[in-house]
Protein chains: 2
Amino acid sequence: MLLFPGPNGADGRLSRATVTRFSLYLRHLEEVLNKGAQKVSSKQLGEAIGITDAQVRKDLACLGNLGQPGIGYASVELIAAIRHVLGIDRVWSVALVGVGNLGRALLRYKGFQARGFRFVALFDKDPALTGQQVEGLRVRGLEDMTETIKAHKVELGLLAVPSDSAQFVADSLVQAGIRGLLNFAPVVVRVPPEVSLVAVDLTVQLEQLAFHVHTGNVP
Amino acid sequence: MLLFPGPNGADGRLSRATVTRFSLYLRHLEEVLNKGAQKVSSKQLGEAIGITDAQVRKDLACLGNLGQPGIGYASVELIAAIRHVLGIDRVWSVALVGVGNLGRALLRYKGFQARGFRFVALFDKDPALTGQQVEGLRVRGLEDMTETIKAHKVELGLLAVPSDSAQFVADSLVQAGIRGLLNFAPVVVRVPPEVSLVAVDLTVQLEQLAFHVHTGNVP
DNA sequence: GGATGTGAACGACTTCACAGCG
DNA sequence: CGCTGTGAAGTCGTTCACATCC
């Protein structure tokens, strides 16, 4: 089986937008499969997440020829294919840095566990927190980072620390061998090219919303 | 003074990407102004947020002719212009629905207050929470929503409730006259066209990260 | 010289439209 | 007939390159 059978840019390079939609398709597919739907059409999928059916077909074409003309797509097969290209048909080990309000919210967020993301280490620089148990995990000091991350083979790191610590913590995580970072600090963080970085900037999102309300534009 | 002097699409219609970058410019500008920099060039701004100088100039051109050839842009002026087009040169009243872990994290998030977003109402359907004070605000039941939102002229709502309540709560907020929604629930929420919606989907972001690490692509 | 503003080229993503298959 | 897969067209966003101005 090929990892990337179909083209989205001649080879297996998927656009960021396509990857985002794959996550949305996946969620909807799991939902409809739970309700017993064995088959789904591009039209149904498109309506569910608010895009055109043509877009859905273009995206799904990257997965190979899974669609059956006149019928649609087999839900189970689609789910497996999407999980496979996204790389989430396995467990990912995740570390959380910053066990404050946001960090705890992320820890308790069911959606992560359900998709195979497993928290295996917590870090915080606050001495009052280190040593305590949170959600069944012991909070460690930043000085234990390299050792713990290597020992547990942690691949992804969630950065839920204040802005002024973000770059330092990111550097430490990179140093420790992390492969990807999800940054929640409202600051632009730099990582070397071999490390992936996704930023979730709440201030930016809220300002976008204010802009849209302000102007009356549809996003 | 024109609201949208320059073109980004002939009139004042700004692309989503441009609006996102405006937020990032703004943050960086406030930072450098604090350090005393009166002038900034497109090259400096671009390097700070990781894009080309041409892109910066194209964006800033939408604000009118603020740049001085050979010199750069005046920080103070740029900040005022960006805040103005984003619509954040005033206070926005915000309601939070869902006072769980994520909700409390959002409440305590300093970045919102600093930018003029003011929480004026909290709602939660948990009877154990309603009536309590959180961050100086009383938590109300969902049944008080319409009255409270109208009374406080709340314009924006943050949705930090579980997926299965998200659409219901969104409908209630719309009914109550909200103008924009920031949805954190991992589900696609529908609102009428006159209401703005921005979604922050943590599962999608984490899956994006996994994909990039998985394939070795740069985002 | 140094930096802006901008048409033109380029590239990326989306929609259209239709052939082809079940 | 219904629905997929896909070239072609269209739209949107970014980068280039250079005239222009301080």
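Lettering of chains follows the sequences in order, A, B, ..., and the numbering in each one begins at 1.
With a 6.0 Å radius and a threshold of 12 heavy atoms from other residues, nucleotides or ligands, B/Q68 has its CD atom above the threshold.
Distance, A/L78 CG to D/dT4 C1': 12 Å, rounded to whole Å. Taking atom CZ of residue A/R16 and atom C1' of nucleotide C/dC13, one finds them 15 Å apart after rounding to whole Å. Between B/Y73 atom OH and C/dG2 atom C1' there is a gap of 13 Å when expressed in whole angstrom units. Between A/R13 atom CZ and C/dC13 atom C1' the separation is 16 Å, expressed in whole Å. Between the CG atom of B/L60 and the P atom of D/dG13 there is a distance of 17 Å, rounded to whole Å.
Comparing A/I71 and B/I71 by the nucleotide of DNA chain C whose heavy atom lies nearest to each, the residue mapping closer to the 5' end is B/I71.
With B/S172 contributing its side chain and B/F168 its backbone, the two residues share a donor-acceptor pair below 3.5 Å. For B/N183 (side chain) and B/V187 (main-chain N/O), a donor-acceptor pair under 3.5 Å exists by modelled atom type.
Taken residue by residue, residues 36-45 of chain B places heavy atoms nearer than 4.0 Å to DNA chain C at B/S41, B/S42.
Counting heavy atoms from C-beta on, the side chains of A/T148 and A/F123 come closer than 4.5 Å.
B/D53 comes within 4.0 angstrom of nothing in the nucleic acid, heavy atoms only. At a threshold of 4.0 angstrom between heavy atoms, the contacts of B/G70 include nucleobase atoms, whether or not backbone atoms are also involved.
Judged by distance alone, the side chains of B/R118 and B/Q113 never bring a donor and an acceptor atom under 3.5 Å apart.
For B/E31, the side chain to side chain contact (heavy atoms under 4.5 Å, CB included) partners at least two apart in sequence or on another chain are B/K35. Shown here are the side chain to side chain contact (heavy atoms under 4.5 Å, CB included) partners of A/D89, two or more places apart in sequence or in another chain: A/R83, A/H84. Partners of A/R104 under the side chain to side chain contact (heavy atoms under 4.5 Å, CB included) rule, at least two apart in sequence or in another chain, are A/V99, A/R108, A/L129, A/V134.
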Between the protein and nucleotides 14-19 of chain D, are there any N/O to N/O pairs under 3.5 Å, and if so, what are the atom names and distances?
unit_1, atom_1, unit_2, atom_2, d
D/dT14, OP1, B/R21, NH1, 2.7
D/dT14, OP2, B/R21, NH2, 3.0
D/dT14, O5', B/Q55, OE1, 3.0
D/dT15, OP2, B/T52, OG1, 3.2
D/dT15, O4, B/K58, NZ, 3.1
D/dA17, N6, B/R57, NH2, 3.4

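The salt bridge (Lys or Arg N to Asp or Glu O under 4.0 Å) analysis of residues 177-202 of chain A, with sequence neighbours excluded, yields the pairs A/D201-B/R27.
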